[in-house]
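Before any comments, here is the structure.
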Amino acid sequence: MKLLNEILGTRYPIIQGGMANIATGEFAAACSNAGALGIIGAGGMNADTLRQNIRRCKALTNKPFGVNIMLMHPQADEFAKIVVEEGVPVVTTGAGNPGKYVPMWKAAGIKVIPVVAAAVLAKHLEPLGIDAVIAEGTESGGHVGEMTTMALVPQVVDAVSVPVIAAGGIADGRQMAAALALGACGVQVGTCLLVSEECPIHENYKAALLKAKDSDTIVTGRIGGSPVRVLKNRMSREYVRQEKAGADKMELEKFTLGSLRRAVFEGDTATGSLMAGQVAGMLHEVRPVADILADLYESGRQRIAALNAEC
Ligand SMILES: Cc1cc2nc3c(=O)[nH]c(=O)nc-3n(C[C@H](O)[C@H](O)[C@H](O)COP(=O)(O)O)c2cc1C
């Protein structure tokens with residue numbers, strides 16, 4: 001099996017997951033320079049800001065990078081053209097089926113890697129000519145599915161013949177080794193990079209992540225059909241309370257309106273949406289991206305070597 005770094009031309013078999021309002025061109029370039037595939041999160045951007053972020057990223061790194069396009073974004077059609085015009089080497093997609101864009105992207109030489117939360121979608125997308133698939137478990141931060149990484153990854157590996165990248169619940173070498181043991185060719189991480197020096201979120205958001213324990217995340221919107229994993233706080237607890245009490249969708253929308261931006265830019269930890277995965281409890285210090293990535297990779301290798309010696 002080819003490892004992800006061989007497929008993408010990166011130093012490590014690691015992707016920095018696209019993160020709306022957070023993964024700017026600068027941040028993606030920092031991650032690419034540090035050995036991962038940096039990804040610009042187009043969610044929260046418009047056509048102009050996406051173009052600026054791509055150009056900024058290109059100016060700051062000569063390494064491969066990508067753009068994440070959430071397919072329900074109102075400007076998804078425009079974003080799909082911009083990545084071609086700007087010569088972006090890799091596109092990851094979320095929230096749907098990128099089928100109508102794949103021929104245009106493939107013709108432009110773009111590697112297409114959709115994110116899936118179930119094997120059935122991976123199987124459906126494979127004939128479109130995708131290059132790989134990211135199987136993201138419900139442990140992850142942000143929008144989530146139902147299945148755990150442990151159950152999902154091997155079932156996606158069995159369902160498709162393209163390489164599978166594991167995401168959700170990976171923050172150290174033990175989890176990296178486990179992902180490879182499940183049949184993944186590499187990993188995508190988000191939460192562990194939120195506490196990097198380079199990550200442009202407010203310091204209150206980082207402090208909340210460092211304080212979090214293993215069970216300090218909660219999923220809002222499970223009932224309403226748009227589940228998002230965030231840190232527990234006044235907003236998310238109240239959201240889930242009202243959701244369980246049967247509040248209508250419009251009422252609930254009021255809670256989340258602008259809440260990610262409040263968390264990211266204003267550091268509002270009470271009513272902001274502090275998106276984070278279940279590995280938040282494993283984060284203990286703010287470090288440079290290069291240290292986080294090198295540790296993840298090296299400790300993963302050591303774990304695999306230790307298992308080889310033990311078994
Ligand atoms: C704050 C935050 C925002 C995210 N935003 C997006 C997004 O805009 N698009 C997307 O496809 N995934 C998004 N994700 C998911 C990540 O790209 C990645 O797959 C996930 O974080 C991996 O799981 P982990 O959080 O356990 O590391 C987000 C994750 C976080 C933590």
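Ligands are counted one by one from 1 in listed order, and the atoms in each one are counted from 1 as well.
- Remark: distances from the non-hydrogen atoms of Gly43 to ligand 1 are all 4.0 Å or more.
- Of the possible polar contacts, one joining the Gln175 side chain to the Asp172 backbone as a donor-acceptor pair under 3.5 Å is found.
- Atom 26 (O) of ligand 1 has as its closest protein heavy atom Gly169 N, 2.8 Å.
- Side chain of Glu146 to backbone of Thr138: no donor-acceptor contact under 3.5 angstrom is found.
- Under the side-chain contact (heavy atoms from CB on, under 4.5 Å) test applied with Trp105, the options Val88, Val90, Thr93 reduce to a single match, Thr93.
- Near Tyr205, the atoms of ligand 1 lying under 4.0 angstrom from a non-hydrogen atom of the residue are 1 (C).
- In this structure, the protein non-hydrogen atom closest to atom 14 (N) of ligand 1 is Gly18 O, 3.4 Å.
- The protein heavy-atom contact nearest to atom 1 (C) of ligand 1 is Met275 CB, 3.4 Å.
- Here the heavy atom of the protein found nearest to atom 27 (O) of ligand 1 is Gly190 N, 2.8 Å.
- For atom 29 (C) of ligand 1, the nearest non-hydrogen atom of the protein is Gly141 O, 3.3 Å.
- Under a 4.0 Å N-O distance rule, the pair Lys211/Asp216 does not qualify as a salt bridge.
- With distances taken over non-hydrogen atoms, the option nearest atom 5 (N) of ligand 1 out of Met70, Met19, Gln16 is Met19.
- Listed by number with element, the atoms of ligand 1 under 4.0 Å from a non-hydrogen atom of Val189 are 27 (O).
- The backbone N or O of Thr49 sits less than 3.5 Å from a side-chain atom of Asn53, completing a donor-acceptor pair.
- Protein heavy atom at the shortest distance from atom 8 (O) of ligand 1 is Ala20 N, 3.0 Å.
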Would Thr271 and Arg262 satisfy side chain to side chain donor-acceptor pair (under 3.5 Å), going step by step from the backbone distance to the final call? CA-CA 8 Å; Thr271 75; Arg262 275 204 301 282; 3.0 Å; yes

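- With hydrogens and angles disregarded, a donor-acceptor distance shorter than 3.5 Å links the side chain of Thr149 to the backbone of Ala167.
- Every atom of ligand 1 is numbered from 1 in the order shown, and the set under 4.0 Å from a heavy atom of Gly168 is 22 (C), 23 (O), 26 (O).
- Under a 3.5 Å cut-off, the side chain of Glu243 and the backbone N or O of Gly224 do form a donor-acceptor pair.
- With respect to atom 15 (C) of ligand 1, the closest heavy atom belonging to the protein is Glu136 OE2, 3.4 Å.
- Nearest to atom 25 (O) of ligand 1 by heavy atom, out of Thr191, Ile165, Thr138, is Thr191.
- Contact annotation: for Ile22 versus ligand 1, heavy atoms closer than 4.0 Å belong to the side chain alone.
- In terms of protein heavy-atom proximity, atom 10 (C) of ligand 1 is closest to Asn68 OD1, 3.4 Å.
- In summary, Arg229 and Glu139 do not engage in a salt bridge, as defined by a charged side-chain N under 4.0 Å from a carboxylate O.
- Gln16 places no side-chain N or O within 3.5 Å of a backbone atom of Ala36 that could act as its donor or acceptor partner.
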